[in-house]
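Below is one structure; the comments refer to it alone.
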Amino acid sequence: MSAIVVEDLQKAYGELRAVDGLSFAVEEGEVFGLLGPNGAGKTTTVEILIGLRERDGGRVQVTGYDPAQEGDAVKAQIGVQLQQTELFPLLSVEEILGLFASFYRDSKPVAELLELVGLQERRKAKYRHLSGGQKQRLSLALTLINDPALVFLDEPTTGLDPQARRALWDIVEQMRDQGKTVLLTTHYMEEAEVLCRRVAIIDHGKILALGTPRDLVDEFVPERAIEITLADGLDASSLEELTGVTRVVIKNGSAAIYTTNIRETMASLLQVSGGSALSLDSLRIQRGTLEDVFLHLTGRTIRE
Amino acid sequence: MKALWTLTYYTGLQFARDKVALFWTLVFPIVLMVIIGSVFGESDSASMPVGLVLHDQGPAGQAIAQVLEGIELFELTTGSEEDELAALGRGDRRAVVVLPADLSAVWQRREVATVGVHLDTSQQQSAGTALSVVQQVIEGVQREFTQQPSLVTVETHSVQAEHFRPIDYIAPGILALSVAQLGLFGATTLVEQRQQRLLRRLQATPVSRWMVLLSNIIVRLVIALVQTGILLGVALGLFRIQVVGSWPAIIGIVVFGTLAFIALGFLLGALAPSAEALIAIVQMINFPMMFLSGALFPLDFMPEILRPVAVALPLTYLADILRQVMVDATPYATVLQGMGALLVFMVASALLSWRFFRWE
């Protein structure tokens, strides 16, 4: 059974069609990513799913309910993290958890949640004294306060440093291991690749592609890149003559050789390198990323 | 219900931890009252007007009159009992001493005489001073006259003078002003929370909007009552205000007034784009309101041209009602009219704010 079903979802703000016919389903127990640049319609979609916004058209089911009709039933069963939300500055971590616990019929013990997000030490600290990463971890703990089967995370790591981002990923992975269904939005391709079983790439309110990160890469950017360091004075143009090469990008003293046939290109590269000053010491083979998929689909990078 | 009480508790806790808010709601009104009260409070003029009614034409009466005349603190007037008591009632005397017609005769017989002293107890401090000086003078003259101790009884009569000291007028006004401020700023927390998208986060939980609103209103009401308690404590303890009305009536009016101004505050909160803008708007309303509403001085002092402004300000009515109930001042409008005016402000503001308040 699907935790979330969305069919032909529509939402316009005046002229702007923020969500323009989205359809997807999130299976129980999977981490599903909505991936796209700012303004793609990710947040609007989440807000419609959690009952904070009315939709203009289409069909939506969240944990078996229509959030527009039975918003309270949906809200009681889900956990939600919204972007850029500041909580109560003068309340402590455990007070905020206690407050949110009172909104639900049943709630998880505060101590357990503190441990899960690693905030035991800071439980007496006032919210305004928390770091950005600690605030986000508290907000993740709040999504779990009613022990929901389905959790929505809207841009959970935006604005965090890499270390804090890793810590948050760990928490999301724990959610997944506990069997929770997670719908997360992000514009970090790496985040989607690490966390999501499946992603939907969204732009201008439409789904451009949907699948596992590996399948999407294989489908849209089948090229592999062979990266090598270039010695000074080497004529790089010869690299383009290797078998199967589609293009060569030279940057900062290294070359990325793109190919659709990794076996043949490697073979010819080895042949060429044998009789030249070409060093293969730092050779790496790179797969395409979701970033490349997005670039391929839209002609833009995701943060443009 | 659990959610409502928890929300209310934590909203209150946040307020209690907000030192700036605490200062403005609890300390500032006291400072204001103490400063204004000390400046305009008891008219501590060098001399104290005291009336003397000299029914006794004998030597004892003359002697007492002479000594009283010599007391620098007193500004002595002699007149008929009727005139002097009327002057006391108007607040023009602090005390009136009535010497009985048979005073000299009684003391010549070495018997106990009764002297009447009428005191304006609305001015307790000066009344007390006047009484003790008068007592000393009369006893002194009596001992000299009779060469015996204790042949006089001083019978005191309390009079509540009709006149008002400025502090009598100002104290209820400051109470009204504080309640009004508390209400006008009532939406700041909500507007801040809207700005920080916290209201939106709360809406993603099963907690309902009215619970969020109600918890804010309850907290404001509790603060209003604490504030009222403190201000009344200062007014009664420090400035000896005589409260004539019933306590339930005063508390009821404070609650009613707070609700009316909270509704107005929510309307401002609905119109203000940010918390900073809201504070600026409230200040823009607050300062003129302070001076145009008659909260701090009588409307009669106001230029004719500004009267219509006062009539349109809800604070005018709240101050007026509180003043009537607390110190029985001459009303500007009846209590019912005032309550009616406040009710109109409250309902209109509540409806408009419900219509315009944005949760995101």
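Computed from heavy atoms alone, side chains included, the values below leave out hydrogens, waters and symmetry copies. Just so it is clear: chains get the letters A, B, ... in the order the sequence lines come, proteins before strands, and each one is counted from 1.
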For the atom pair [atom1] ([X]) and [atom2] ([Y]), what is the distance rounded to the nearest 0.5 Å?
| X | Y | atom1 | atom2 | result |
| --- | --- | --- | --- | --- |
| A/E47 | B/Q203 | CD | CD | 10.5 Å |
| A/Q83 | B/R200 | CD | CZ | 11.0 Å |
| B/L202 | A/L99 | CG | CG | 7.5 Å |

Close side-chain approach of [X] and [Y], heavy atoms under 4.5 Å:
| X | Y | answer |
| --- | --- | --- |
| A/F103 | B/L7 | yes |
| A/L91 | B/R17 | yes |
| B/Y9 | A/E95 | no |

Within 6.0 Å of [atom1] in [X], more than 12 heavy atoms from elsewhere:
| X | atom1 | result |
| --- | --- | --- |
| B/W5 | CH2 | no |
| A/E27 | CD | yes |
| A/Y65 | OH | no |
| B/F287 | CZ | no |

If every non-hydrogen atom of [X] is compared with every non-hydrogen atom of [Y], which pair is closest and at what distance?
| X | Y | value |
| --- | --- | --- |
| B/K2 | A/Y104 | NZ-O, 3.4 Å |
| A/I50 | B/A204 | CD1-CB, 4.4 Å |
| B/A3 | A/S102 | CB-O, 3.5 Å |

Side chain, backbone, both or neither: which part of [X] has a heavy atom under 4.5 Å from chain B?
| X | result |
| --- | --- |
| A/F152 | neither |
| A/A73 | neither |
| A/I78 | neither |

Which residues in residues 177-199 of chain B have any heavy atom closer than 4.5 Å to a heavy atom of chain A?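 Listed by number, the contacting residues are B/Q193, B/Q196, B/R197, B/L198.
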
How would you list, by chain and number, every residue that makes a side chain to side chain donor-acceptor pair (under 3.5 Å) with A/D8, sequence neighbours excluded?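 For A/D8 the side chain to side chain donor-acceptor pair (under 3.5 Å) partners, ignoring immediate neighbours, are A/Q10.
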
So for B/L4, is it side chain, backbone, both, or neither that comes closer than 4.5 Å to the heavy atoms of chain A?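 Contact with chain A: none, neither part.
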
Without swapping roles, check the side chain of B/R201 against the backbone of A/V80 for a donor-acceptor pair under 3.5 Å.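 Yes; at least one donor-acceptor contact below 3.5 Å.
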
